[in-house]
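Notes for the one structure printed next.
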Amino acid sequence: MDDESDDCRNLIDQNSPKRIPSTFDIDDDPHFRPPIQTFRFSIPKFAFDKRYYYILAAALPLCIVVVFFSADIQTLFSTNLSSPLKSSDSLSDRMRQAELRALYLLRQQQLGFSDLWNRSLLVQSNSSFNSTSSNNLSSNSASGTPSTEDLNSAILKQISLNKEIQNVLLSAHSSGNISEEVGDAHSMGSFALDRCRKMDQKLSDRRTIEWKPKSNKFLFAICTSGQMSNHLICLEKHMFFAAILNRILVIPSHKVDFQFSRVIDIDHINSCLERKVVISFEEFSEIKKHHLHIDRFFCYFSKPDPCYVDDEHIKKLKNLGVSMGKLESAWNEDTKKPTRKTVSDIESKFSSNDDVVAVGDIFLANVEQEWVNQPGGPIAHKCQTLIEPSRLIKLTAQRFIQTFLGKNYIAFHFRRHGFLKFCNAKQPSCFYPIPQAADCLIRVVERANVPVIYLSTDAAESEYGLLQSLLVLNGKPIPLVKRPPRNSAEKWDALLYRHGIEGDSQVEAMLDKTIGAMSSTFIGASGSTFTEDILRLRKDWGSASTCDEYLCQGEEPNFISENE
């Protein structure tokens, strides 16, 4: 009862308008003496509200956390529970695929090392103590003993393959740039590997002949076989013949042959020898006062047709006003089986006191091949090479390279049109399925460390389109660049346009050759004279690389169709 009275009294006091409630109230203490009141003390109310502010401030972050997690609680739990399982399965799959790929590459490396071992044994056997140094040299050249360059290239190939195995094994554990984790493709240990260095052409060892023609003696060049590349090779051999016979070479008229003046620099040849050694047909006509007569017409080949010249070609010559005597065979020589000839053979069979002589097509002639094929050719001169693209074509090629390629690129000649039947008649065939060709290209790209490939091809879009889709290295596509159609917004081909030779098929072919010859690495088509002319230019210009090769060199096509 006393408690209820106290509660009632306290309730009345608290509701009284004359008294301010406070936690400091001690009126019930009988010994309390109130101080003199000079102002109303409001701290109790402030302290009472401040406790709630503290509680609210402490609870607010907790509420935010609860709301945040409860909004996607299902995703939270599913992530926590299922993600490790999925990640584990994905990692396991990647590791299994990587291990299988690594096993395959290790097998390839084992085969590569076996081949390297066999080649080293071949070197040892040919370098036995029972043989003299001179016998060793002749034995090596005859049996195809691998050179030091071959062995170095094989070793570097195995280093590259080892790097690929490391990349494959690391790929299951990393999502970054794998090649950066393994290391630079061009380094091993503490020293750099220049895997595609320029070839040492050993120009000081060149064997040359002086070309000092008599001013009134002429050699009329006859070239009839194949396309422009064949004719340029034929023309180069005619220059060698002219040097041997001390005659000025007459370039064929464009009315019976290709228009050579559009693609090669005739004046460049004369400048390199610092004398008049080559003249155009028009100059020859002026010198002879239009009395154009071939005094003697020699046939290098007698089979299957004399001089390898058909009636149509003879007719074209006569239409130009050129008369000639009877065709005479120098010897019994078949185009299907050319025999090796020497300089003395040419001098003995083709020398004459007549003013004008002609020699039939000599594209297939086998005369001092080692001499002819050396860098710079067999003739003494002050330039890198005698037969090279015209100035306009060289400048256009340089502008194209600066626009689209940069200095570090692979040039790839991909011959396809009419090549299937031609290659399958050879042993082994040189016509490769597109996927196999792509694999071969990727290996060279990785070895050469280039970002782009320049493609020169007569293939259909369906073929080079498939090739492009398969060119992927370390997850990145390798672009194939072809010369685009003329666009007035692009200025790289403006020189050809201004001189009226754009769209000429022979000019475009020579432009492709020039871009190929200027590349850091070149991949060609075995058996193609187009490829051989590019290799000649690379050798003469000093741009030949240790990585230059034919497509899938050393491999056979993994599928070959039957013959008809």
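Numbering of residues begins at 1 and proceeds along the displayed sequence.
- Distance alone, capped at 3.5 Å, places no donor-acceptor pair between the Asp533 side chain and the Ile233 backbone.
- Under a 3.5 Å cut-off, the side chain of Asp361 and the backbone N or O of Cys223 do not form any donor-acceptor pair.
- Using a 4.5 Å heavy-atom cutoff, the side chains of Asp458 and Arg415 are in contact.
- Between the OG1 atom in Thr335 and the CD1 atom in Ile362 there is a gap of 14.0 Å [rounded to 0.5 Å].
- Atom-to-atom distance recorded for Asp540:CG and Gln384:CD is 8.0 Å, nearest 0.5 angstrom.
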- [ ] List the steps and the verdict of side chain to side chain contact (heavy atoms under 4.5 Å, CB included) for Arg498 and Leu392.
- [x] CA-CA 10 Å; Arg498 287 206 299 266; Leu392 287 177; over 6 Å; no
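- Counting only distance, with no hydrogens or angles, the side chain of Trp211 and the backbone of Arg247 share a donor-acceptor pair below 3.5 Å.
- Residue Ile410 forms a side chain to side chain contact (heavy atoms under 4.5 Å, CB included) with just one option from Ile478, Val445, Asp548, Val452, and that option is Val445.
- Other residues, nucleotides and ligands place no more than 12 heavy atoms under 6.0 Å from the CD atom of Gln402.
- Note that the CD1 atom of Ile534 and the CD1 atom of Ile523 stand 12.0 Å from one another [nearest 0.5 Å].
- Between Val359 and Ile222 the shortest heavy-atom distance is O-CB, 3.4 Å.
- Side-chain polar atoms of Ser519 and Arg538 form a donor-acceptor pair below 3.5 angstrom.
- At distances below 3.5 Å, not a single donor-acceptor pair connects side-chain atoms of His499 with backbone N or O atoms of Ile501.
- With Ser543 contributing its side chain and Met518 its backbone, the two residues share no donor-acceptor pair below 3.5 Å.
- Using bins of under 30°, 30° to 60° and over 60° for the plane-to-plane angle, the ring pair Phe404/Trp492 lands in the perpendicular bin.
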- [ ] For the pair Thr521 and Arg447, evaluate side chain to side chain contact (heavy atoms under 4.5 Å, CB included) and give the outcome as yes or no after the intermediate values.
- [x] CA-CA 10 Å; Thr521 300; Arg447 187 162 74 248; over 6 Å; no
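- Side-chain contact between Glu368 and Pro378 is absent, with no heavy-atom pair separated by less than 4.5 Å.
- Between Leu441 and the options Leu467, Leu455, Leu473, a side chain to side chain contact (heavy atoms under 4.5 Å, CB included) holds for only Leu467.
- Side-chain contact between Val367 and Phe241 is present, with at least one heavy-atom pair separated by less than 4.5 Å.
- A salt bridge does not link Asp265 with Arg391: every distance from a Lys NZ or Arg NE/NH1/NH2 to an Asp or Glu carboxylate oxygen is 4.0 Å or more.
- Residues Val481 and Phe400 meet the side-chain proximity criterion, which asks for heavy atoms closer than 4.5 Å.
- Separating the NZ atom in Lys198 from the OG atom in Ser545 is a distance of 6.0 Å, to the nearest 0.5 Å.
- Looking at Asn487, its side chain does come within 3.5 Å of a backbone N or O of Ala489 through a donor-acceptor pair.
- The number of heavy atoms from other shown groups lying within 6.0 Å of NZ (Lys426) is above 12.
- Listed for the Ser520 side chain is a donor-acceptor partner under 3.5 Å among the backbone atoms of Tyr409.
- Considering only heavy atoms from C-beta on, Gln506 stays 4.5 Å or farther from Gln259 through its side chain.
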TODO: Could you walk me through whether Tyr550 and Leu535 pass the side chain to side chain contact (heavy atoms under 4.5 Å, CB included) test, one step at a time?
DONE: CA-CA 10 Å; Tyr550 298 116; Leu535 292 174; 3.9 Å; yes
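- In Gln369, the CD atom is crowded: over 12 heavy atoms of neighbouring residues, nucleotides or ligands sit closer than 6.0 Å.
- Between Lys276 and Glu283 there is a salt bridge, since at least one side-chain N of the basic residue sits less than 4.0 Å from a carboxylate O of the acidic one.
- Aromatic ring orientation, Phe240 versus Trp371: perpendicular (interplanar angle above 60°, classes split at 30° and 60°).
- A side-chain N or O of Asn424 and one of Ser429 form a donor-acceptor pair less than 3.5 Å apart.
- Not a single donor-acceptor pair under 3.5 Å links the side chain of Lys237 to the backbone N or O of Val372.
- Cation-pi geometry between Arg483 and Tyr454 is not met at under 6.0 angstrom from the ring centre and within 45 degrees of the axis.
- Remark: Arg486 is positioned above the aromatic ring of Tyr497, its terminal NZ or CZ atom under 6.0 angstrom from the ring centre and at most 45 degrees off the axis.
- The backbone N or O of Glu556 lies less than 3.5 Å from a partner atom in the side chain of Gln436, making a donor-acceptor pair.
- Salt bridge status for Glu388 with Lys394: present, with a side-chain N to carboxylate O gap under 4.0 Å.
- Side-chain atoms of Pro389 and Leu537, non-hydrogen and from C-beta on, do get closer than 4.5 Å to each other.
- In this structure, Phe522 and Thr531 have side chains that are in contact, with non-hydrogen atoms separated by less than 4.5 Å.
- In this model, a donor atom of one side chain and an acceptor atom of the other lie less than 3.5 Å apart for Thr529 and Asn230.
- A ring-centre distance under 6.0 Å is not found for Tyr464 and Phe414.
- Salt-bridge formation is not detected for the pair Lys482/Glu461: no Lys NZ or Arg NE/NH1/NH2 atom is positioned less than 4.0 Å from an Asp or Glu carboxylate oxygen.
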Open item on the list: One pair to check against side chain to side chain contact (heavy atoms under 4.5 Å, CB included): Asp257 and Ile251. What are the steps and the verdict?
Closed with: CA-CA 9 Å; Asp257 207 328; Ile251 303 295; over 6 Å; no
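- Looking only at side-chain heavy atoms (C-beta outward), Thr224 and Phe363 stay at 4.5 Å or farther from each other.
- For the pair His231 (side chain) and Gly226 (backbone), a donor-acceptor distance under 3.5 Å is present.
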